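Please read the structure below before turning to the comments.
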Amino acid sequence: MKASKLITAASLILATSMGSTLASAADKIRIATEGAYAPFNMTDENGELVGFDVDIAKALCAQMEADCEIVAQDWDGIIPGLMGRKYDAIIASMSITEERLRVVDFSEPYYSNVLAYIAPADSDFDASAASLEGMTIGAQRATVAGQYLEDELGDVVNVKLYDTQDNAYLDLGAGRLDALLSDKFPAFDWLRSAEGEGFEFKGEDIDIDDKIAIAVRKGDDLKDKFSAAIKAIVDDGTYAEINEKYFPFSIY
Amino acid sequence: MNWNWSVIYEYMPRLIDGVWVTLELVFLSGLLGLILAVPLALMRASHNRWLRMLPFGYIFFFRGTPLLVQIFLIYYGASQFDAIKESALWPILKEPYWCAIIAFTLNTAAYTAELIRGAIQAIPKGELEAADAFGMSRPMKIRRIVLPRAFGIVLPAYGNELILMLKSSSLASTITLLDITGAARTIIARTYTPLEIFFAAGMLYLLITAIMIGCFRLIEHRLNRYQHYKVPTEPGR
């Protein structure tokens with residue numbers, strides 16, 4: 001029975017190879033980040049993932065003495081991918097929100113975020129309710145900024161949602177947007193770049209008590225491990241070192 | 001797994017809003033593409049070598065590059081040039097809607113032109129000879145014989161092209177348009193129920209496709225009605 005022998009052999013090979021991937025998956029923590037959210041996570045000229053989130057992820061893995069693999073994943077599929085076990089944690093500047101808490105667990109926060117408007121420096125946009133009427137305002141899809149626009153200003157302004165923060169910057173530069181609502185720190189970085197010339201923060205920061213943390217699947221004990229590791233790198237000064245690399249002020 | 005029907009029910013109105021955007025995109029660019037494709041196809045089928053070569057570069061580019069790249073070039077690329085931002089075209093190019101229409105039109109016109117060219121060349125020689133024997137002028141021959149026959153031949157393939165267009169139109173969601181896919185992705189960003197919402201979106205696409213197939217059946221039946229001629233069994237009664 002040649003055929004059945006072949007099948008047995010094939011299934012044996014399959015079983016051993018699957019066994020080995022399962023084993024390596026068990027002791028390796030796979031971490032997803034977006035890779036299009038400078039300076040928190042982006043891809044450098046060599047195609048490597050770099051940025052604040054990536055540095056934090058590496059520091060946490062070193063602290064936990066874990067073997068980690070960092071992968072890139074588009075933002076609007078990043079939570080479905082976690083739920084689908086494509087990776088075990090998300091370290092991608094993700095805000096803790098009520099909606100997300102229904103589907104994932106979050107570690108203790110590793111930085112705090114506020115929202116801010118950016119507009120051309122010469123525009124008279126001042127973020128007051130009166131000046132917002134009828135404006136076209138952009139934000140990245142599936143972010144707290146996008147949600148804030150839809151919930152708080154959906155009836156007043158024309159909301160445009162982008163797949164990546166980079167595309168939103170492009171359209172702001174192209175003049176298709178009157179203003180962009182964004183997390184403040186990445187915008188701070190963009191305003192310092194050549195593309196950001198001629199733009200500035202407008203109006204007051206919007207503090208929506210936004211905490212950034214690591215997302216893991218519901219009930220996963222990685223949550224407590226990450227929380228402990230965050231506390232450890234804050235205490236031993238590793239966090240401050242990474243912070244200083246990107247921002248001249250503390251974002252913790 | 002817990003499947004959540006109520007989320008589909010709750011967000012269906014927003015998906016339906018997306019259906020209208022999708023339909024507008026497909027039919028407007030389908031129509032404009034067809035109008036553009038006919039002269040291109042006639043040029044491609046011409047006996048004059050230079051006339052034949054003219055649309056080649058355009059068709060080669062639009063068939064040879066991904067539609068997503070074409071959309072990005074038109075939407076994000078064109079807006080990087082100050083010359084375009086200061087031109088009279090900017091009010092149109094500023095709108096993602098028109099950028100999508102332009103990209104889809106140019107893309108579908110390139111494919112459709114090649115389909116029609118094939119159909120023109122598939123017209124039986126005898127019918128063209130008959131037209132010549134009647135002493136028809138070239139424009140009259142094109143109007144009365146070539147185009148009507150070519151449309152009959154191209155119809156099944158063109159129906160296919162429009163269905164492909166329907167699905168390609170989901171790329172409009174990448175330039176902030178809220179078509180079916182754009183609406184679905186925006187809803188999922190809030191509910192985190194990708195399975196349910198994409199299932200609903202898929203069903204809507206399926207429904208539109210089914211209606212399109214039905215319409216094309218009807219038009220085919222009408223345009224190619226000579227194929228359905230049956231000899232009456234009892235003549236004269």
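All values derive from a computational prediction rather than experimental measurement. Chain letters run A, B, ... following the sequence lines, proteins first, then strands; residues in each count from 1. Values below: all heavy atoms of this structure, side chains included; hydrogens, waters and symmetry mates excluded.
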| Heavy-atom closest pair, residues B:Lys94 and A:Gly175 | CE-O, 3.6 Å
| query | Considering residues, nucleotides and ligands other than B:Phe81, do more than 12 of their heavy atoms fall under 6.0 Å from its CZ? | reply | no
| Is the number of heavy atoms from other residues, nucleotides or ligands under 6.0 Å of B:Met12 CE greater than 12? | yes
| query | Only one of B:Thr176, B:Thr186, B:Ile188 clears side-chain contact (heavy atoms from CB on, under 4.5 Å) with A:Arg141; which? | reply | B:Thr186
| task | Decide yes or no for A:Asp151 and B:Arg190: does some side-chain heavy atom of the first lie under 4.5 Å from some side-chain heavy atom of the second? | result | yes
| Is it the case that more than 12 heavy atoms not belonging to B:Arg52 sit under 6.0 Å from its CZ atom? | yes
| query | Is atom CD of A:Glu197 surrounded by more than 12 heavy atoms (other residues, nucleotides or ligands) closer than 6.0 Å? | reply | no
| Heavy-atom pair of closest approach, residues A:Arg176 and B:Leu93 | NH2-O, 2.9 Å
| Other residues, nucleotides, ligands: >12 heavy atoms within 6.0 Å of A:Lys218 NZ | yes
| request: Look at atom CD of A:Glu200 and say whether more than 12 heavy atoms of other residues, nucleotides or ligands are closer to it than 6.0 Å. | output: yes
| query | For A:Ile79, is it the side chain, the backbone, both, or neither that has a heavy atom closer than 4.5 Å to a heavy atom of chain B? | reply | side chain
| query | Should we count CZ of B:Arg49 as having more than 12 external heavy atoms under 6.0 Å? | reply | no
| task | Assess whether atom CG of A:Asp74 is packed by more than 12 heavy atoms of other residues, nucleotides or ligands within 6.0 Å. | result | no
| query | Taking A:Val159, A:Thr97, A:Leu161 one by one, which has the highest count of heavy-atom pairs under 4.5 Å against chain B? | reply | A:Leu161
| request: Could you check A:Asp163 against B:Arg185 for side-chain contact (heavy atoms from CB on, under 4.5 Å), going step by step and ending with a plain yes or no? | output: CA-CA 10 Å; A:Asp163 291 355; B:Arg185 291 171 64 190; 3.0 Å; yes
| request: Please step through side chain to side chain donor-acceptor pair (under 3.5 Å) for the pair A:Arg100 and B:Tyr192, ending with a clear verdict. | output: CA-CA 8 Å; A:Arg100 287 175 184 148; B:Tyr192 299 108; 2.8 Å; yes
| remark: Max heavy-atom pairs within cutoff under 4.5 Å with chain B, candidates A:Ala142, A:Gly138, A:Gly77, goes to A:Ala142
| field | Heavy-atom contact with chain A under 4.5 Å, split by part of B:Ile187 | value | neither
| Top contributor to chain B contacts, counting heavy-atom pairs under 4.5 Å, from A:Leu170, A:Asn167, A:Val103 | A:Asn167
| Any A:Tyr162 side-chain heavy atom under 4.5 Å of B:Thr174 side chain | no
| query | Does the distance from a Lys or Arg side-chain N to an Asp or Glu carboxylate O, for A:Glu150 and B:Arg14, drop under 4.0 Å? | reply | yes
| remark: Turns out that what part of B:Tyr75 lies under 4.5 Å from chain A's heavy atoms comes down to both
| Side chain, backbone, both or neither: which part of B:Leu178 has a heavy atom under 4.5 Å from chain A? | side chain
